[in-house]
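Down below is the structure, laid out as structure tokens.
Sequential numbering from 1 along the given sequence is applied to the chain's residues. Note that the coordinates shown come from a computational prediction; the quantities given were computed from them, not determined experimentally.
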Amino acid sequence: LDERLDPLVAIESSIKEFFEVVIEQPSVLKMFEIMVLRCEYVKEFAQVRQVVNQPALDFLAKLKKVYQRAVEQQVTLEGLSSDVLARDTWVFTSGLLNQLLLVPDQSELRERMPEMVRAHMVLRTRR
């Protein structure tokens with residue numbers, strides 16, 4: 001997340017860039033499919049699961065940091081904490097990824113993803 005940009009623009013750009021890579025590089029989408037949908041997570045793989053989940057947790061931490069800047073700059077909706085905003089965006093992003101994985105031939109979802117990400121960000125922007 002580019003700290004030189006407006007915080008909400010940085011978050012939106014980061015999410016869009018992530019999905020561009022996932023959509024444009026089939027190997028990346030396949031890797032997520034294997035890790036998210038096909039791996040069996042049992043007790044013996046707890047350490048592996050922690051390693052696999054670490055990038056998602058790192059993304060959440062970055063979101064919290066950038067949303068904190070946005071809250072301090074008073075560009076987010078009043079009354080929403082950086083933690084709530086970050087977790088909401090984290091779940092939104094995870095949900096989009098899961099939809100791509102579950103129904104890989106969703107051309108409409110792929111085409112409308114930038115618009116959906118934009119709408120997600122607008123809904124947390126102070127007017």
Side-chain angles (χ1 to χ4, degrees):
L1 296 167
D2 191 338
E3 292 189 19
R4 297 169 295 167
L5 296 176
D6 167 283
L8 298 181
V9 171
I11 292 169
E12 181 177 345
S13 297
S14 176
I15 294 169
K16 286 179 176 177
E17 183 178 324
F18 168 77
F19 282 110
E20 285 173 11
V21 169
V22 169
I23 289 169
E24 292 174 7
Q25 297 185 19
S27 61
V28 174
L29 187 61
K30 190 67 167 172
M31 184 266 311
F32 276 112
E33 178 185 339
I34 292 166
M35 297 309 297
V36 174
L37 298 179
R38 296 186 183 182
C39 281
E40 183 178 343
Y41 293 108
V42 294
K43 184 179 174 183
E44 294 80 13
F45 292 139
Q47 287 182 318
V48 173
R49 182 175 48 226
Q50 186 175 4
V51 170
V52 168
N53 288 335
Q54 193 58 52
L57 296 174
D58 292 344
F59 179 60
L60 177 59
K62 288 176 185 177
L63 285 172
K64 286 180 185 180
K65 182 179 173 186
V66 178
Y67 270 122
Q68 183 58 45
R69 282 195 0 247
V71 168
E72 289 167 1
Q73 293 175 14
Q74 299 180 346
V75 295
T76 58
L77 289 177
E78 197 171 347
L80 296 176
S81 71
S82 58
D83 184 65
V84 166
L85 290 164
R87 289 178 186 280
D88 183 60
T89 296
W90 189 50
V91 170
F92 168 77
T93 305
S94 299
L96 281 178
L97 179 59
N98 281 328
Q99 284 301 304
L100 280 176
L101 297 175
L102 291 171
V103 188
D105 203 23
Q106 286 198 55
S107 59
E108 183 180 0
L109 177 65
R110 290 169 186 238
E111 291 169 11
R112 299 196 71 189
M113 196 163 297
E115 177 185 2
M116 294 168 65
V117 172
R118 179 73 192 128
H120 176 79
M121 298 310 298
V122 166
L123 291 171
R124 56 214 2 82
T125 303
R126 190 177 295 202
R127 294 170 183 87

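- In this structure, CG on Leu123 lies 13.0 Å from OG1 on Thr76, to the nearest 0.5 angstrom.
- In the hydrophobic cluster analysis, where Ile, Leu, Val, Met, Phe, Trp and Tyr join through side-chain heavy atoms closer than 4.5 angstrom, Leu8 is grouped apart from Val122.
- When atom types are taken as modelled, the side chain of Ser14 and the backbone of Ala10 share no donor-acceptor pair closer than 3.5 angstrom.
- Here the CD atom belonging to Gln25 is positioned 11.5 Å from the CD1 atom belonging to Ile23, to the nearest 0.5 angstrom.
- Rounded to the nearest 0.5 angstrom, His120 NE2 and Glu115 CD are separated by 15.0 Å.
- Hydrophobic cluster membership differs between Phe19 and Val91, with clusters built from Ile, Leu, Val, Met, Phe, Trp and Tyr side chains linked at under 4.5 angstrom.
- One hydrophobic cluster, built from ILVMFWY side chains closer than 4.5 Å, holds both Trp90 and Leu77.
- Remark: Lys64 pairs with Leu60, Asp83, Ala86, Arg87 by the side chain to side chain contact (heavy atoms under 4.5 Å, CB included) rule, at least two apart or across chains.
- Note: Leu63 CG to Asp58 CG = 11.0 Å, rounded to the nearest 0.5 Å.
- At a threshold of 4.5 Å between non-hydrogen side-chain atoms, the residues Val84 and Tyr67 do not count as touching.
- With hydrogens and angles disregarded, no donor-acceptor distance shorter than 3.5 Å links the side chain of Arg69 to the backbone of Lys65.
- Once rounded to the nearest 0.5 Å, the distance linking CE of Met121 with CZ of Arg118 reads 8.0 Å.
- Rounding to the nearest 0.5 Å gives a distance of 8.0 Å between CG of Leu85 and CD1 of Ile11.
- For Val117, the side chain to side chain contact (heavy atoms under 4.5 Å, CB included) partners at least two apart in sequence or on another chain are Glu12, Ile15, Lys16, Phe92, Leu96, Met113.
- Taking a 6.0 Å sphere around CZ of Arg126, one finds it holds more than 12 heavy atoms contributed by other residues, nucleotides or ligands.
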